[in-house]
Amino acid sequence: MAVRLCDVASLLRSGSWAAEPWTGVIAAMETQLSNGPTCNNTAHGSTTINNCSSPVDSGNTEDSKTNLIVNYLPQNMTQEELKSLFGSIGEIESCKLVRDKITGQSLGYGFVNYVDTKDAEKAINTLNGLRLQTKTIKVSYARPSSASIRDANLYVSGLPKTMTQKELEQIFSQYGRIITSRILVDQVTGVSRGVGFIRFDKRIEAEEAIKGLNGQKPPGATEPITVKFANNPSQKTSQAVLSQLYHSPNRRYPAPLAQQAQRFRLDNLLNIAYGVKSRFPPMTIDGMTSLAGINIPGHAGTGWCIFVYNLAPDADESILWQMFGPFGAVTNVKVIRDFNTNKCKGFGFVTMTNYDEAAMAIASLNGYRLGDRVLQVSFKTNKTHKA
DNA sequence: TAGAATT
């Protein structure tokens, strides 16, 4: 049930088009919708073989049962979006996206503290494994913060290419409780690259594992493995950014060009696939809507509002996150409910940040069969609910 | 020989 991510955003980024690039998204989404959250996680240049380490079990009954840590968030996801996503489960006491202190960049993880322990448990059961863009998020109980759990991540190299994640864990588990493990694999072939990571619960456990395993040969292996503390990726990011700011002030804004190229490619794709031209020049949509009085379907000033029709009475926000999240940045979802019965009135709204991603979601999800219903998905018009 | 896991 591997979900090889063929999502549209990553295809746009790579420029490698299939005839129908969104079929991968739909296939992955259907796997998720029918079987619950998945546990595969794809990152730049590497794939996690397995990342399922029973998030409901915090390993300590003394821990807080309301405070969650959320890992593998998309780089561009904001704290507000995090709050919106987890707020769809229940009342949130506090929510924080952790950012690099220097650059302000998201470090890809955050914390959500619920008022009610039941909502925290529901969030784990509902949102752990949710696909958002190229990521599969992990939701688990946060351990009490302390110095003893910091810097407990190990980098392991020289692993036999045949070694599985389970075998890797078996070797290291004698030194303490493993929080996460991963073996990096080649994106194309899926073959192990012979390197991986082991995160222990405690720093001291990691230290003991280095002492016991660095330079040792695993059972049946011909070469010894190297075990050392992993570098901190956030430090690398800071250094890279600062270096770039210092050395090349004229290259500080590379993103818009990439986005422009991406928009043209999407526009071409929609033209090829549907024989339609975008109604608005892709380059100027954002600028146009900043002008007062100009009215573009679906555009609410802070994003693109999408109308989703023919939802079932028991539909909730999580289904909208699951359907639209894989296509790109979603800032808000809302199911419209009857005031008295609290049942869905058959429709809802999704707000997405980027036109391209919203357009691809609509093109892919309009006509999508959800249960025994066929959904109608379009940009919101001004006749209906204001999101 | 390189992941955004403790606010």
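Note on naming: letters A, B, ... go to the chains in the order of the sequence lines (proteins, then strands), and numbering restarts at 1 for each one. All values reported here derive from a predicted model rather than from experimental measurement.
For a distance-only test at 3.5 Å, the side chain of A:R143 qualifies as a donor-acceptor partner of the base of B:dT6.
Two rings, from A:F197 and A:Y155, have their centers less than 6.0 Å apart.
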Encoded 5' to 3' (Watson-Crick or G-U under 3.5 Å; [ ] crossing; | other strand), DNA chain B becomes .......
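With centroids closer than 5.5 Å and planes inclined by less than 30 degrees as the test, A:Y72 and the base of B:dA4 fail to qualify as a stacked pair.
Taking atom CD1 of A:I149 as the reference point, atom C1' of B:dT7 lies 11 Å away to the nearest angstrom.
A salt bridge is absent between A:E169 and A:K166: the closest approach of a Lys/Arg side-chain nitrogen to an acidic carboxylate oxygen does not fall below 4.0 angstrom.
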Side-chain donor-acceptor pairs under 3.5 Å in residues 337-350 of chain A, sequence neighbours left out?
residue: A:R337; atom: NH1; partner: A:E317; partner atom: OE1; Å: 3.3
residue: A:R337; atom: NH1; partner: A:E317; partner atom: OE2; Å: 3.3
residue: A:R337; atom: NH2; partner: A:E317; partner atom: OE1; Å: 3.1
residue: A:D338; atom: OD1; partner: A:N340; partner atom: N; Å: 2.8
residue: A:D338; atom: OD1; partner: A:T341; partner atom: N; Å: 2.9
residue: A:D338; atom: OD1; partner: A:T341; partner atom: OG1; Å: 3.4
residue: A:T341; atom: OG1; partner: A:K343; partner atom: N; Å: 3.2

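Between A:I69 and A:Y141 there is no side-chain heavy-atom pair separated by less than 4.5 Å.
Non-hydrogen atoms lying under 4.0 Å from DNA chain B are contributed by nothing in residues 202-223 of chain A.
OP1 or OP2 of B:dA4 lies within a sub-4.0 Å distance of a side-chain N or O belonging to A:K135.
Counting non-hydrogen atoms under 4.0 angstrom, A:S94 reaches nothing in the nucleic acid.
A cation-pi arrangement, defined by a distance under 6.0 Å to the six-membered ring centre and an angle within 45 degrees of its axis, is absent between A:R373 and A:Y368.
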